[in-house]
Number of protein chains: 2
Amino acid sequence: MVSDAEQAPVFAKPVTLREVAVAAGVSVATASKALNGQGRMTAETRERIRETARLLGFRPNSLAQSLLRRRSFTVGLLTNDTYGRFSLPLMAGVSDALVDKGVSVFLCNVEDDTRLGQLHVEAMLDKRVDGIIATGKRIDRHLPVDLSNLRVPVVYAFTRPDPGAVGLVSDDAGGARLAVEHFLRLGRRRIAHVSGPPGFGVVHERADAYRAVLQENNLPIGEPLLGQWSEAWGHEAVAKLFGGMGERPDAVFCGNDQIARGVIDALRERGIRVPDDVGVIGFDNWEIVAEATRPPLTSIDMNLESLGREAGLALLSLVDGRPAAPGIRKLPCRLVVRQSCGSPPE
Amino acid sequence: MVSDAEQAPVFAKPVTLREVAVAAGVSVATASKALNGQGRMTAETRERIRETARLLGFRPNSLAQSLLRRRSFTVGLLTNDTYGRFSLPLMAGVSDALVDKGVSVFLCNVEDDTRLGQLHVEAMLDKRVDGIIATGKRIDRHLPVDLSNLRVPVVYAFTRPDPGAVGLVSDDAGGARLAVEHFLRLGRRRIAHVSGPPGFGVVHERADAYRAVLQENNLPIGEPLLGQWSEAWGHEAVAKLFGGMGERPDAVFCGNDQIARGVIDALRERGIRVPDDVGVIGFDNWEIVAEATRPPLTSIDMNLESLGREAGLALLSLVDGRPAAPGIRKLPCRLVVRQSCGSPPE
DNA sequence: CCCATCTGAGAAAACCTTTTCCCAACCCTT
DNA sequence: AAGGGTTGGGAAAAGGTTTTCTCAGATGGG
């Protein structure tokens with residue numbers, strides 16, 4: 001027939017355990033046991049069944065297994081971070097941690113839409129997910145959907161957990177400490193802090209840590225400058241810090257990499273050299289920004305991928321019935337040194 | 001008991017159709033038919049069953065349904081774009097298009113790892129996904145995994161399709177046209193093109209379209225400058241374009257927004273005004289970059305979210321047995337006007 | 001030679017839902 | 001009152017796998 005080539009592809013039907021059993025001349029029960037290493041039979045029988053299964057390309061139907069075991073080996077991942085700067089590494093971490101255990105991840109983008117969130121949660125519950133990971137773009141905000149009385153365990157990663165639930169977030173205070181202490185080691189003494197809007201919880205956490213470290217070292221504490229998360233605000237902050245008559249900072253710790261970028265650009269425009277005159281550290285370690293600044297930006301990395309990994313593992317242990325301590329667990333940040341701070345003094 | 005509060009939460013068992021049937025005093029068959037609007041029974045019976053189901057909070061077990069219908073209402077989404085600039089909007093589009101049809105999406109991050117890809121594909125097949133969407137960070141490269149002889153339909157989005165498969169990509173030539181023609185409408189005549197590495201297919205597609213438009217309008221064609229996708233390359237390119245003795249461009253069409261950013265910064269450093277002296281257009285419409293340039297960058301948007309949506313719908317119609325025309329379908333780009341090109345002449 | 005034990009393997013139930021087929025009762029017509 | 005059609009609802013199979021129970025035959029001990 002000429003038209004054969006134009007036909008839609010025919011999709012082969014998967015081979016079932018029953019077919020394997022028939023081909024090997026045993027019952028399905030025996031076949032199942034042979035493949036799972038259960039039951040008793042001669043080594044010869046077991047091997048024959050296995051060989052038959054291999055030859056036929058048998059793969060057990062997960063749906064049937066899940067139905068029986070009451071365990072689907074799937075989890076749901078809820079996020080409202082469309083932009084993805086934070087949630088993508090996190091999602092990759094979750095997926096990586098789980099794929100090796102045979103667990104697949106449902107991606108649910110809920111935006112900030114309650115209806116969409118409800119829809120996704122119901123779809124997942126209907127599909128009998130073993131658990132749910134909730135993640136967001138802000139540590140201090142809830143997702144637009146209530147996960148408090150679900151019939152599966154929930155882990156919160158990088159978003160605000162419900163009371164009594166398990167939550168994993170980055171240790172922002174620790175990260176800020178890392179930055180300021182790095183400056184101190186390099187001999188910087190007049191350290192300023194430029195951060196985002198005061199409406200964000202992390203802004204205060206980081207600012208408090210900044211103040212604490214300076215106080216511990218009996219150094220002058222400049223009032224943190226709070227504004228936006230943007231480059232433009234970085235420019236503006238430089239004008240405030242370096243435009244006056246007073247003593248000028250020799251280091252600026254920024255609330256994110258975009259601010260830091262604005263700061264570095266503004267400093268260059270004023271003829272102030274980075275890192276020679278002023279050191280700059282950012283936050284987030286958003287490589288595309290950190291590597292494009294001149295000089296490349298030293299920054300704090302929140303280890304989001306490993307946060308995702310930990311969240312995946314935490315959920316799995318909840319699913320397996322091992323209770324996890326409720327409350328928020330903070331995971332350490334990491335300092336990534338590039339060239340915006342200079343070398344330690346001899 | 002005092003320790004009650006400390007016990008792990010007990011997760012309620014889902015209610016089954018059987019329980020609904022018993023509660024309503026009918027058989028499971030009748031209950032099923034009542035809830036699905038099938039079969040014949042008195043309106044009173046049907047309503048009573050529905051009410052019982054509602055009261056008990058019954059939700060059908062998708063796994064059981066899938067097993068029977070041979071249709072799982074799940075699809076797999078393969079990506080190797082860890083960075084996520086391209087794949088996240090795409091994923092969001094896919095998810096959005098499908099959630100309303102009750103279809104959930106498995107997220108599979110395969111990096112560039114064949115083993116990981118194999119693992120994910122097998123896991124999905126075992127879970128009886130109805131189809132797979134393959135997406136990548138480069139239009140002209142394959143994913144590191146063979147999807148050509150699967151037993152489910154596959155749609156390729158923003159990555160190179162296997163021969164005979166269905167693929168959706170952005171119309172890069174059309175996008176380039178949009179940019180150059182916008183310059184022409186604004187009265188620009190000496191239009192340069194600065195793009196990424198020659199190893200990328202899109203670089204040539206866009207460059208060819210650039211040349212074609214200029215030729216059609218009998219304008220001088222500068223040889224496109226190919227380099228990197230980075231800001232640094234944008235700087236460098238400005239040195240080449242504006243450092244010599246020859247006639248200088250009054251417009252630069254850039255291969256992506258980062259290059260455009262570098263170009264704009266370099267122009268400003270030379271005292272050349274944007275948009276007064278030179279207009280600049282980028283590609284990708286990566287908002288975080290496009291809005292941070294001074295002035296904000298006019299750019300070409302590839303409509304990735306709607307590309308994802310289309311991919312989702314295309315896969316669904318394949319799953320439903322409606323054959324789709326194989327080959328590559330190109331979706332139009334969109335010009336997003338900001339302030340880097342100026343206004344049309346009076 | 002008889003009983004107890006062990007061995008290898010199969011039958012059947014279970015997981016939950018959908019769908020086909022079937023049956024009893026009722027209504028209407030002649 | 002017999003025959004035919006309709007109505008309301010149930011029984012059972014199917015989907016693919018796992019697990020428990022059962023059982024026939026073989027082996028060993030006394």
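Chain letters run A, B, ... following the sequence lines, proteins first and then strands; every chain starts at 1.
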Euclidean distance, atom CG of residue A/Asp126 to atom C1' of C/dC16 [Å, nearest integer]:
13 Å
Check the distance between C/dC15's P and A/Arg128's CZ and give it to me in whole angstrom.
13 Å
Return the value, rounded to whole Å, for the distance between atom NZ of B/Lys13 and atom P of C/dA14.
13 Å
Spatial distance of atom CG (B/Asp113) from atom CG (B/Leu143) [nearest 0.5 Å]:
12.5 Å
Using a cut-off of less than 4.0 Å, is there contact between a side-chain N or O of B/Asn61 and OP1 or OP2 of C/dC15?
no
Would you indicate what B/Thr45 reaches in the nucleic acid, counting non-hydrogen atoms under 4.0 angstrom: base, sugar-phosphate, or nothing?
sugar-phosphate
Of all the choices, D/dT18, C/dT17, C/dC15, which nucleotide is nearest to the side chain of A/Gln65 once you look at every atom?
D/dT18
Would you say the base of D/dG16 and the side-chain of A/Arg18 have a donor-acceptor pair closer than 3.5 Å?
no
Using only side-chain N and O atoms of B/Thr42, determine if any of them is under 4.0 Å from OP1 or OP2 of D/dG9.
yes
Between A/Leu17 (CG) and D/dA14 (P), how many Å, whole number?
17 Å
Donor-acceptor pair under 3.5 Å, B/Lys33 side chain vs D/dG10 base
yes
Rounding to a whole Å, what distance do you find between A/Asn36:CG and D/dG16:P?
17 Å
Report yes if at least one side-chain N or O of A/Thr30 is closer than 4.0 Å to OP1 or OP2 of C/dA9; otherwise report no.
no
When you match A/Glu44 and A/Val28 each to their closest nucleotide on DNA chain C, which lands nearer the 5' end?
A/Glu44
Regarding the side chain of B/Ala64, the nearest nucleotide among D/dT17, C/dG10, C/dT17 is C/dT17
For B/Asn149, look at atom CG and say whether over 12 heavy atoms of other residues, nucleotides or ligands are found less than 6.0 Å away.
no
Looking at A/Arg71, I want to see if its CZ is surrounded by more than 12 non-hydrogen atoms of other residues, nucleotides or ligands under 6.0 Å.
yes
Rounded to the Å, how far apart are A/Gln38 CD and D/dC21 P?
15 Å
Is the phosphate of C/dC15 approached by A/Arg69 (side-chain N or O, under 4.0 Å from OP1 or OP2)?
no
When the ring planes of A/Phe158 and A/Phe86 are compared, do they come out parallel, tilted or perpendicular, using 30° and 60° as the limits?
tilted
Phosphate OP1/OP2 of D/dT18: any A/Ser32 side-chain N/O under 4.0 Å
yes
Rounded interatomic separation in angstrom, taking CZ from A/Arg46 and P from C/dG8:
10 Å
For A/Asp146 and A/Ser148, test the side chains for any donor-to-acceptor distance below 3.5 angstrom and give the result as yes or no.
yes
Given D/dG8, D/dT18, C/dT7, the nucleotide with the shortest approach to the side chain of A/Leu68
D/dT18
Could you give the CE-to-P distance, from B/Met41 to D/dT6, as a whole number of Å?
19 Å
